[in-house]
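Single-structure report; data block below.
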Amino acid sequence: MWVIYCGKEVTIMKYVFQLSIILAITFLGEVIYKLLPLPILGSIYGLVIMLLCLKTKIIKLEKVKRIGDFMLEIMPLMFIPAAVGLLNVWDELIDILLPIITITLLSTIVVMVTTGKITQLIINKGKGG
Amino acid sequence: MRGIFLNSAYFGLVISIIGYAIGVILNKKLKIYFLNPLLISIIFIIVFLLIFNIDFENYNQGGKYLSYFLTPATVCFAIPLYQQLELLKKNMKAIIFGLSAGVLLSLGSILGLSYLFNLTHTHYVTLIPKSITTAIGIGLSEELGGIKTITVAAIIITGVFGNISAVGICKIFKIKEPIAVGLAIGSSSHAMRTSKAIEIGEIEGAMSSLSVAVSGLLTVITSIFASFL
């Protein structure tokens, strides 16, 4: 029916359709998560399914790209409620704040240096040989 | 009057969006890069709730709807990953070894330091996801039995610290290869810092967002084993 309208309506329907594809794959991921006894998140199954669908061209990139990019862009907004939840665990957090900050900073440096150094080593080796 | 505000689920939604908008504007105006929009909005909302004496539960009535969208948003990571598939294939060996080493050392260092600080198992599994993107991190923390709000705090600290220090650390340790720099930033400080890598260069940016997805996957797989420790 929306074909009767021109221009804008069709574009809006396109975005609704894109969102539906993404939500359908998310749903599929959640279903697999419930069915399989593995502790892997539904979102990870969804990510893999989406990647496979794109790779096999079952879903064309432009059928999900616009809304997908939008979702990734506004992602920080979705983290806010979880972070505001710090209010509720503040008492518990205070006791372990120092270890948490220390562990976080140290392991960040360790990971950054290891990943960078090893990747560089392998790439340079490939270039040399 | 107060009740009308607090009982509406839209209160939490609206205040979150206003907070984030303030964050984006302040971040652009002030140009202090460690004050990212997320950090500003969290501080704004927490202060607002404390001043007006509003419970987190009231806020979360609406806030939880934002959290629901994390799962589909994570699925969308497949899109940048798909677009960079060629780059991934070309540097397969370097990427896989580099990221695996990073993920293992991340788990190792957190385990070791948690022992050192005498943290409980709950706190240890809370910290495991700290280097991966928040979307996967929150879910993983819940799955492992951690405290997801503390996980978010650790992820934010990691992101802010990574933002400030990434360039300096890569210089000190002589990491110059663009692919290596991108992976180093992406694997250590996740999506929040991918924008930093994009500032440095195109390859760095691409590798950084790729490593967010790949090391996220690797962390999920390995941490399931690590959670038994």
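Each chain gets a letter, A, B and so on, in the order its sequence line appears, and its residues count up from 1. On a predicted model such as this, the values are computed, not experimentally measured, just so you know.
Among all heavy-atom pairs drawn from B:Tyr82 and A:Lys57, the shortest one is OH-NZ, 3.0 Å. Here the closest non-hydrogen pair linking B:Ser67 and A:Pro81 is OG-CB, 3.6 Å. Closest non-hydrogen pair, B:Ile175 versus A:Met112, comes out as CD1-O, 4.2 Å. B:Cys76 and A:Leu72 make their closest contact through O-CD1, 3.7 Å (heavy atoms, listed as atom of the first residue, atom of the second, distance).
Rounded to the nearest 0.5 angstrom, B:Ser100 OG and A:Ile118 CD1 are separated by 9.0 Å.
Neither the backbone nor the side chain of B:Leu104 comes within contact range of chain A, judged by heavy atoms closer than 4.5 Å. Contact annotation for B:Ile79: both backbone and side-chain heavy atoms come within less than 4.5 Å of a heavy atom of chain A. Interface residue B:Ile147: only side-chain heavy atoms are found under 4.5 Å from chain A. For chain B, the nearby parts of A:Leu77 are the backbone and the side chain; heavy atoms of each come within less than 4.5 Å. Only the side chain of A:Leu61 comes within contact range of chain B, with heavy atoms under 4.5 Å apart. Of the atoms belonging to B:Leu85, it is side-chain heavy atoms, and not backbone ones, that fall under 4.5 Å from chain A.
Contact check for A:Thr102 versus B:Leu113: no side-chain heavy atoms found under the 4.5 Å cut-off. The side-chain heavy atoms of B:Leu70 and A:Ser43, taken from C-beta on, include no pair separated by under 4.5 Å.
Between chain A and the residues B:Gly108, B:Pro72, B:Ser114, the largest count of heavy-atom pairs under 4.5 Å involves B:Pro72. The choice from B:Thr71, B:Ile169, B:Thr149 that makes the most heavy-atom pairs within less than 4.5 Å of chain A is B:Thr149. Between chain B and the options A:Thr114, A:Leu121, A:Ile122, A:Thr104, heavy-atom pairs under 4.5 Å are most frequent for A:Thr104. Taking B:Thr126, B:Leu66, B:Val103 one by one and counting their heavy-atom pairs under 4.5 Å with chain A, the maximum is reached by B:Leu66.
Judged purely by atom type and a 3.5 angstrom limit, A:Lys117 uses its side chain to pair as donor or acceptor with the backbone of B:Phe173. Side-chain atoms of A:Gln120 do not come within 3.5 Å of backbone N or O of B:Ala180 as any donor-acceptor pair.
Every pair passing side-chain hydrogen bond (donor to acceptor under 3.5 Å, both in side chains) that includes a residue from residues 15-28 of chain A is listed here, sequence neighbours excluded: A:Tyr15-A:Arg66.
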Show me the side-chain donor-acceptor pairs of residues 55-62 of chain B shorter than 3.5 Å, one per line, residues at least two apart or across chains.
| unit_1 | atom_1 | unit_2 | atom_2 | d |
| --- | --- | --- | --- | --- |
| B:Glu57 | OE2 | A:Asn88 | ND2 | 3.1 |
| B:Tyr59 | OH | B:Ser16 | OG | 2.7 |
| B:Asn60 | OD1 | B:Lys64 | N | 3.3 |

